[in-house]
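Just so we're on the same page: letters track the sequence lines, and every chain starts at 1.
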Amino acid sequence: MTMDHHTSSAAPFRRPPSADGFSRRGFLKAGAAAGGGLMLSLSLPFGDDKTKAADAFVPNAFIRIDRDGQIFLTMPYVEMGQGTYTSISMLIAEELEVDLKQVQPEHARPNEKLYANPLLGVQATGNSNAIRGAWQPLREAGATARTMLVSAAAKRWNVDPSSCRAQSGEVLHMPTGRRLKYGELAADAAHMPVPAKVALKRPDDFKLIGTRAKRLDTPAKVNGTAVYGIDVRPPGVKFATLAQSPAFGGRVKRVDDTAARAVKGVRQIVQLDDAVAVVADHMGAAKKGLAVLKIEWDDGPHAKLNTDNIAQELATATLNAGAVAQNIGDAGKAMAAAVTKVEAIYQVPFLAHATMEPMNCTVHVRKDGCEIWVGSQALARAQAGAAKTLGLPLDKVVVHNHLIGGGFGRRLDVDGVIRAVEIARQVDGPVKVVWTREEDIQHDMYRPYWFDRISAALDENGKPTAWHNRFAGSSVIARWLPPGFKDGLDPDSTEGAIDLVYDFPNFHVEYVRVEPPGIQTAFWRSVGPSHNVFVTESFMDELAAAAKQDAVAYRQALLDKSPRAKAVLELAAEKAGWGQPLPERVGRGVSVQFVFATYLAVVTEVEVSTAGNVRVRRVVCAVECGTVVNPDTVQAQIQSAAVFGITAALHGEITLKDGRVEQTNFDSYQILRIDEAPAIEVYIVQSPEPPGGMGEAGTSAIVPAITNAIFAATGKRLRKLPVDPAALKKSA
Amino acid sequence: MAFAIKVNGKTHSVDVDDDTPLLWVLRDVLGMTGTKFGCGMALCGACTVHVNGEPTRSCITPIDSMGTSAITTIEAIGATSAGAKIQKAWLDREVVQCGYCQSGQIMSAAALLASNPRPTDSDIDNAMSGNICRCGTYVRIREAIKAAASS
């Protein structure tokens, strides 16, 4: 398994350490839990795990087996709908030989006394890396606990451990049939030596991994009892909502709050440099107060900024050389010898996350510390941001993490936490700061705008002999994780643009980092690939068209060195009925990719009305993501990511005018609805490889499959997103 | 001013402005947080409750329009036959991902099923297209409604 497909950067964010390279030494410790049970502390890899570099053992996950046999798994990954709670718990339950229901996953809480070590490093759930990172260490942890429980039972019975077996939450002495439950053994097990080496179960013996195990987090989500960050109610909590400077970088000039203060239930107006908040007894009063607040803004340095300015700056930037992300052969020389040359310019817009749970954070600032309730993908970052804002040591900031009502990268940033802390420090008692949907969309941190200049040379048979791509845009990594940006490159911006599945003799890709003024960029479901796969797979389609060849056959011919990619492409094409006739203005489009360590091919069937409106009728996905932990979750994540991608392709666009975002709510920033949602079929190719990431791959793959289908249906090649119906209108 | 509203069969007295949206009375005043805030403009359906059995966007429904209406929220929908069927189908089909919009989805679906025991695809589109799911669980929502209808 080579997850390490990015060859030109040493940046750490993209790739969790491979299972092979993972040293068991120093990642796991065992001991007695408070209350007399067994506690295993382990250090799970994150993308960039500073703890790994340190000599000291810094655990970030804990397995506790109580005297009653209940197993608690405290994990650093957060559940935001992707099924991590369940899949991660399955890994433990499999090796521990317990029912999945016996494992109770919990969000990690820094500073809780039980877990003496605060969480360090870049603790984050993102980049589809939870299962990838946890696959080996969590199973080993489960096997370690199992071995220690067996040892404890063998010692109590005074028998050979090899005559005992763990099953269904108990240890069985096979010759005599004696049994002891884990709960009865947990305290003793804590004093057993930690085995130096444990045997992991063979895939043939898996009882849980590979099954459609039911999710653990769903029952509370269908009866209203699940608690998201926005639902917390610490005693005495007040409710606040806010207006931030409409123009990025603007400031509050003056505020007339007379009318706002007169609203029943409004308690306080909090003024910050660039925002004003209304604090009230309930959100209804806070919103009403905000509506009558008269704020005069100084629009600041970006008052004249428009999207076109940014696009023009990126276009200009691609005229000059960038950092070389990958070079094979001599693309320049091969280009000069081209029989046919194909050139194109592609652009993708800024995108908002628009999570269904609007940004919110509840904070209680006291004289000697601060308590925070939030749903965060980056808990330690939230804690550090709050501590810095308040000038407090880390250990004086307690953060309670909660279920997340949609992350998609938005909650990897903690601007909302810092904003809430700034407000809360002026409020007596706890305050829940909830952004209106308008604030959420207009003050998001956005998926970058990207601009690509791409060209290729074809020989007399239409086969590509050279590929040259230079693109410009913001580097999210450079802001979020500065050490990850090195020599002008970061592994996220280039993923999907380099190390393509195809075999090109001459290949050259450059990246030019350009940060747009005023507007902040952020991770957004499938980030780099959301842009790069659209460009590369659209352009592959252009090459096939220029060569007058079938889009699938053309790709297949270039996949001899990538049999896993070839297999998913073949399967998707077969299941979709590729090549079968379709009515007028209906077309099929294809894409294939290898990103997030997962192979995915998508075929869409798209119908374009005479007015130019596009409807995605059918989606067929074939995926090979290594070992499948939970096939139902894989299917769900691909369906989910595909819908996310259709939204981006057909509707997604954030534009700036006069320094402010023009879109405000779900009327102007549209999300795909059920009446537009196609049937989505998912076919899984079985594989013994370690698991690949599942949360994001579907988003990047579907977008070019849609625009390629539009080309098939209409002959119109769309190189700019979102799809513009006006360009697809049937001419009379 | 003070209002007496009937939520899930129980009468509550609340003292808020007469134009206060029902959503905030439920969530912030009464502490019933199962009903969610999504957009504030009846564009996403996350705040859907039943008022006398009718699916209603609580974020734009002023408290003074409630009168003696019977308000049902996600916390009590399982006590109705349609609600229980929908909840079970949601679990059986593993509809839920982040789950934030699902209170509203379930309330819309339960209202659909109560009024139309055999909904067609087109009925489902009509009843459910006001509810946005950013996790894109639509395929399974459709399947689950059909499963609930045939249960």
Atom group of [X] that falls short of 4.5 Å from chain B, counting heavy atoms:
X: A:A226; result: backbone
X: A:T647; result: side chain
X: A:K288; result: side chain

So, the side chain of [X] versus the backbone of [Y]: is there a donor-acceptor pair under 3.5 Å, distance only?
X: B:D17; Y: A:V263; result: no
X: B:R134; Y: A:T355; result: no
X: A:Y228; Y: B:C98; result: yes
X: B:Q102; Y: A:K221; result: no
X: A:R233; Y: B:D28; result: yes
X: A:T218; Y: B:L91; result: no

Name of the residue among B:N131, B:D125, B:I132 meeting side-chain contact (heavy atoms from CB on, under 4.5 Å) with A:R673: B:I132
Choice from A:I680, A:N665, A:V643 maximising heavy atom contacts with chain B below 4.5 Å: A:N665
Heavy-atom pairs under 4.5 Å with chain A - which of [options] has more of them than the others?
options: B:E94, B:Q87, B:M128, B:R27; value: B:E94
options: B:D19, B:I77, B:V95; value: B:D19
options: B:G31, B:A46, B:G78, B:P21; value: B:G31

A:D675 side, atom CG; B:I124 side, atom CD1 - distance, nearest 0.5 Å: 12.0 Å
B:Y138 OH to A:Q639 CD distance, which is reported to the nearest 0.5 Å: 13.0 Å
Cationic N near anionic O, under 4.0 Å, B:K36 to A:D231: yes
